[in-house]
Each structure stands twice: as C-alpha cells, then as structure tokens.
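Inspection log for the structure reproduced underneath, given as structure tokens.
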Protein chains: 4
Amino acid sequence: MNKIILIGRLTKDPELRFTPSGKGVATFTLAVNRPFANQQGEREADFIQIVVWGKPAENCANFIGKGSQVAIDGRLQVRTYDNKEGQKRWVTEVVANSVEFLDSRGKRESNRDNNENNNNQEDSSFGTVIDFSEDDIPF
Amino acid sequence: MNKIILIGRLTKDPELRFTPSGKGVATFTLAVNRPFANQQGEREADFIQIVVWGKPAENCANFIGKGSQVAIDGRLQVRTYDNKEGQKRWVTEVVANSVEFLDSRGKRESNRDNNENNNNQEDSSFGTVIDFSEDDIPF
Amino acid sequence: MNKIILIGRLTKDPELRFTPSGKGVATFTLAVNRPFANQQGEREADFIQIVVWGKPAENCANFIGKGSQVAIDGRLQVRTYDNKEGQKRWVTEVVANSVEFLDSRGKRESNRDNNENNNNQEDSSFGTVIDFSEDDIPF
Amino acid sequence: MNKIILIGRLTKDPELRFTPSGKGVATFTLAVNRPFANQQGEREADFIQIVVWGKPAENCANFIGKGSQVAIDGRLQVRTYDNKEGQKRWVTEVVANSVEFLDSRGKRESNRDNNENNNNQEDSSFGTVIDFSEDDIPF
DNA sequence: TTTT
DNA sequence: TTTT
C-alpha cells in the first residue's frame with residue numbers, strides 16, 4: 001500500500017508535455033502548508049513535486065494555474081536517473097491518480113480512470129505545452 | 001492536508017539516535033512494492049526514507065528489524081540542507097505519526113501520541129543506538 | 001489502521017453540545033460528492049455523519065456553517081446503542097481528528113491536538129449550542 | 001474526496017454472490033482494533049462492513065477467510081433501502097478498491113482495476129458462493 | 001454481534 | 001433526508 005493525499009496550492013502553472021505516442025504528462029510543484037509553526041513562529045510549507053499522466057494531465061493544464069487549490073490522491077515514487085556527470089541521482093515525487101479542483105477557478109475533478117481519448121494537444125489558458133520524446137524525459 | 005500511508009518491509013534494522021535532550025529518533029528505509037509490474041514483467045519497489053521521533057522511535061528499535069512488515073501513517077516532508085561542498089541539497093522523507101507492526105516478530109503499535117516518559121537509552125535487539133548532538137543531525 | 005479522508009460540504013450548521021465536564025462535541029453531516037454519475041446520469045452524494053471533540057468542535061461551531069467546504073481526517077467508528085424500544089441499534093460515523101476549512105468563509109484548521117484550554121461556551125454565529133449530560137448523549 | 005484505509009481481520013469467511021450478468025460481489029465484516037483502550041482497559045474493535053466487486057471479489061473468496069489480516073483501500077458509502085415493513089433504512093459500508101492480503105495464508109493483492117475476465121463461479125475453499133438476482137441484493 |  |  002502506498003497512498004498519499006495532499007491539499008495545497010500550485011506554485012506555478014503546470015507544465016504539460018507529450019510523449020511521442022501522444023500521452024500527456026503534467027508536472028507542477030504543490031505548496032502544502034504544515035499544520036504547525038516552527039520555532040520562529042512561522043508556518044512553513046513543503047514543496048512537493050507532482051506528476052499527472054493522461055487526460056487528467058491535460059485537464060490540469062486547462063483548468064488550474066499558479067495559486068489554484070487542489071486535493072491530490074496518489075502514490076509516492078522514488079526514481080533514479082543519471083545526471084550529465086554520470087552520477088546517480090534520486091527524485092522523489094507524487095504520481096497523482098486524481099486531482100480535485102477546490103477553487104472557483106475551475107471546479108472539476110480530473111481522474112486518472114477517465115476515458116483517455118483525444119490525447120491531442122489543445123489550447124491551454126495556463127499550462128505551458130512542450131513536446132518531448134520519451135527517451136528524453138526532462139524531469 | 002498531508003497524509004501518507006505505506007505498507008512495506010524494512011530493508012535494514014532501524015538506526016536509533018538521541019538528541020542531547022534525550023529524544024529518540026529512528027530512521028530506516030521502507031521497501032514498498034508497486035502494485036503492478038514494469039515492462040520487463042518485474043514487480044519493482046519504492047525505497048522510502050522514514051523518520052520516527054520519541055518513544056515510538058525506541059519501540060521501532062526494540063521491536064522491528066530488517067524484513068519486518070509495518071504499516072506507517074505519516075506526512076511527506078521536504079527538507080533542505082547544505083552539503084560539505086556548501087551546495088543546497090533536498091531530502092524527501094516520511095515523518096511517521098505511527099508505525100503499526102504487522103509481523104509476528106513484534107505485534108504492537110508504536111504511536112506518536114504515546115506517553116513519552118523514560119526517554120533513556122535502552123538495550124535493543126535490533127536498533128543500532130548512536131548518540132548525536134542536535135546541531136549535527138546526520139541524516 | 002483506520003484512516004478516512006473526506007472533502008465535502010456541510011448540509012447544515014454544526015450542532016455544538018457540551019459534556020458536564022465542559023468538553024465540546026460538534027456534530028454535522030457532510031455531503032461528499034461521488035466521483036462518477038449513476039445510471040440516470042446524476043452525480044449523487046454520500047451523507048456522512050461527523051463527530052468532532054474538544055476545542056476543534058468549538059472552532060467548527062464558530063467558523064463553519066451550512067455549505068462550508070471542509071477536509072476531514074478521522075477514523076470510522078461503529079457504535080451501538082439501545083433505542084427507546086430497547087432494541088440494539090448501530091450508528092456508523094466518522095470521528096474527526098482534524099477539520100480543515102477550505103472556504104473563504106473561515107480559512108483555518110481545527111486540529112484535535114490543539115491546546116484544549118478555555119472549554120467554555122462561547123457565542124457562535126453558526127453552531128447551535130446545547131448543553132447535555134454525558135449519560136444522555138443525543139446522537 | 002472519499003478515501004478510507006483499514007487494516008484488520010475478517011470475522012468470518014467472505015460471502016460471494018453473483019449478479020445475473022456474472023459479476024462477483026464479496027461481502028465480509030472486518031474487525032479493526034482501536035489504537036487505545038477504553039475506560040475498562042480493554043482494547044475494542046470496530047466491525048466494519050466491506051463490499052468488493054468483480055474479480056477481486058472472487059480472489060477474496062479464494063484466498064482469504066476468517067481471521068485473515070488484510071489492508072483495504074476504498075470509499076465510504078451510505079446506502080438507503082426499504083425494509084419489509086416499508087421503512088427507509090440506512091447502511092454504511094466500505095466499497096473496496098483493493099484488498100491487500102497481509103497473511104501468509106494468501107499473500108496477493110486483489111485490485112479492482114485488474115482484468116475482469118472469467119467471471120464464472122469457481123470452487124472456493126473459504127467463500128460461500130450464492131447466486132442472486134440484481135433486483136434482490138441481499139445485503 | 002464478530003477477528004488476533 | 002441533506003451540500004455546491
């Protein structure tokens with residue numbers, strides 16, 4: 001079992017990319033406020049990297065942006081990759097199963113199990129759309 | 001909201017350290033099997049760093065070890081620190097609120113809200129006990 | 001392990017009562033929309049009974065009301081009681097550990113672990129305040 | 001959002017039924033121990049009704065039985081029905097998305113998203129197999 | 001109406 | 001017996 005649930009706000013607009021096969025991938029970082037204050041009396045946040053695949057990725061690009069409040073249900077994933085210097089690096093990120101929009105700005109749920117037709121690039125008010133090839137995943 | 005729930009097995013015995021004030025901190029990494037197989041047909045795992053504070057940390061050191069199956073409830077935390085070269089590094093880890101022992105090996109729950117008296121070092125069958133000073137947290 | 005996380009809206013103002021010892025108890029029902037439509041194409045909701053104890057109960061009474069959107073973290077509880085006819089009845093409810101206010105209306109978190117002083121009855125814009133004795137819990 | 005995660009043991013063997021269209025439905029009740037003791041110093045349990053649909057339902061019937069330890073991920077559902085006297089009754093139950101087997105007895109995961117072929121009745125060591133018609137769901 |  |  002590997003379940004994570006987060007409520008927070010996007011620090012920037014999501015970035016949307018597409019695999020050569022046309023599958024969307026959205027990434028953004030989520031600011032999640034801690035429930036308590038630190039010694040200095042400030043309420044800190046954790047900045048967590050989110051990855052969304054498929055149609056929900058496109059919904060994210062279309063309906064949410066910087067500052068949007070969302071609830072995310074997903075799993076925690078630890079990936080490894082080699083950087084340019086050939087050193088092994090670790091990335092820890094949350095792979096979202098669903099992204100629920102809590103803001104007035106775009107009140108819809110983007111669910112991974114949704115039908116996955118029309119994977120084509122669409123206009124997007126917020127998300128930046130960039131093509132990428134599968135062997136060069138840039139995150 | 002920042003909730004994570006994991007079920008997995010320890011890859012090694014937990015390491016137990018103590019702050020100068022006598023508070024225990026246990027760390028270990030948890031192997032969490034993915035629910036599906038990869039392209040090669042293998043079932044991979046995510047290796048996730050866990051931190052436990054206080055009396056439950058000592059319970060972990062005393063009751064679980066390499067291979068123990070546990071259920072963890074906690075929050076995802078992203079910390080930053082400077083390495084020896086003075087570069088900013090990120091660590092992503094799960095701060096456990098409770099660790100439930102699912103194995104015969106030590107069937108008890110270690111809950112963060114437990115009474116936190118007797119924070120002294122105890123003998124431990126599994127956990128490695130190392131003192132450390134608060135300004136030199138080694139993980 | 002017994003964890004539940006809900007996001008929904010209050011169907012009515014919370015009801016706040018107090019035990020003889022002065023501990024607050026808030027109850028309300030939460031409408032949680034289902035992620036899919038039924039055969040008739042309508043999106044149904046589950047109406048779930050919530051119980052909150054202590055200072056957070058008073059915060060609920062003070063800061064949220066009918067229609068407020070909240071995120072709840074708690075546990076599922078199945079209680080039994082005897083009705084007036086002497087028959088055993090079951091109640092299933094969610095005992096909240098924390099209630100996060102997602103609405104503009106009162107954007108604060110009400111956490112069970114908060115300090116629990118000043119348990120006195122306060123004025124409340126939304127919550128109905130009713131005294132009750134512990135051997136006559138009316139829900 | 002409506003997520004629930006439970007770890008507990010079956011109080012009896014699961015009951016497996018089939019809709020006329022051949023879809024399996026397993027039901028059982030799960031004993032989930034509370035993390036704390038009551039005033040009498042006893043550790044109580046919540047007895048929670050679980051419903052599983054499809055292929056995972058059949059896996060439950062085939063691989064787990066009374067006393068098996070499982071981890072369940074699902075959603076809380078409140079259903080209404082009319083009893084024989086024509087009175088409206090409420091049922092609260094957990095609809096499982098996945099059932100993870102934690103016991104030696106049958107260490108496999110039964111996931112709702114699995115392929116749903118061969119929905120035929122099979123022999124089962126534990127589950128009681130009963131046919132039922134869709135307009136007479138007996139739970 | 002209950003599990004270990 | 002219900003919320004937006």
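Below, chains carry the letters A, B, ... as their sequence lines are ordered, and counting in each starts from 1.
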How close or far is atom P of E:dT3 from atom CZ of D:Arg43, stated in whole angstroms?
16 Å
Excluding sequence neighbours, so at least two apart, what forms side-chain contact (heavy atoms from CB on, under 4.5 Å) with D:Asn38?
D:Gln40, D:Glu42, D:Glu44
CG of C:Asp46 versus C1' of F:dT4: gap in Å, rounded?
15 Å
Where the side chain of C:Ala31 is defined as all heavy atoms beyond and including C-beta, which of E:dT2, F:dT3, E:dT4 is the nearest nucleotide?
F:dT3
From E:dT4, F:dT3, E:dT2, pick the nucleotide closest to the side chain of C:Phe47?
F:dT3
Please report, rounded to the nearest Å, how far the C1' atom of E:dT2 is from the CZ atom of D:Arg34.
14 Å
The side chain of C:Thr11 lies closest to which of these nucleotides: F:dT2, E:dT2, F:dT4?
F:dT2
Counting side-chain heavy atoms from C-beta on, which of F:dT3, E:dT4, F:dT2 comes nearest to C:Thr29?
F:dT2
In whole angstroms, the gap separating P of F:dT3 from NZ of C:Lys66 amounts to 5 Å
Gap between atoms CD1 and C1', on D:Ile48 and E:dT3 respectively (whole Å)
12 Å
Using a heavy-atom cut-off of under 4.0 Å over every strand shown, decide if C:Lys12 touches base, sugar-phosphate, or nothing.
sugar-phosphate
With sequence neighbours excluded, residues passing side-chain contact (heavy atoms from CB on, under 4.5 Å) with D:Ala71
A:Met1, B:Ile7, D:Ile7, D:Glu100, D:Leu102
Measure CG/D:Leu102 against C1'/E:dT4 and give the value in whole Å, please.
13 Å
Quick one, D:Val52 and D:Val99 - any side-chain contact, counting heavy atoms below 4.5 Å?
yes
All heavy atoms of D:Ala26 vs all of D:Ala57, minimum pair found to be N-CB, 3.4 Å
If I take atom CG in residue C:Leu30 and atom P in nucleotide F:dT2, what distance separates them, rounded to the nearest angstrom?
16 Å
Can you tell me how far C1' of F:dT4 sits from CD of A:Glu100, to the nearest Å?
12 Å
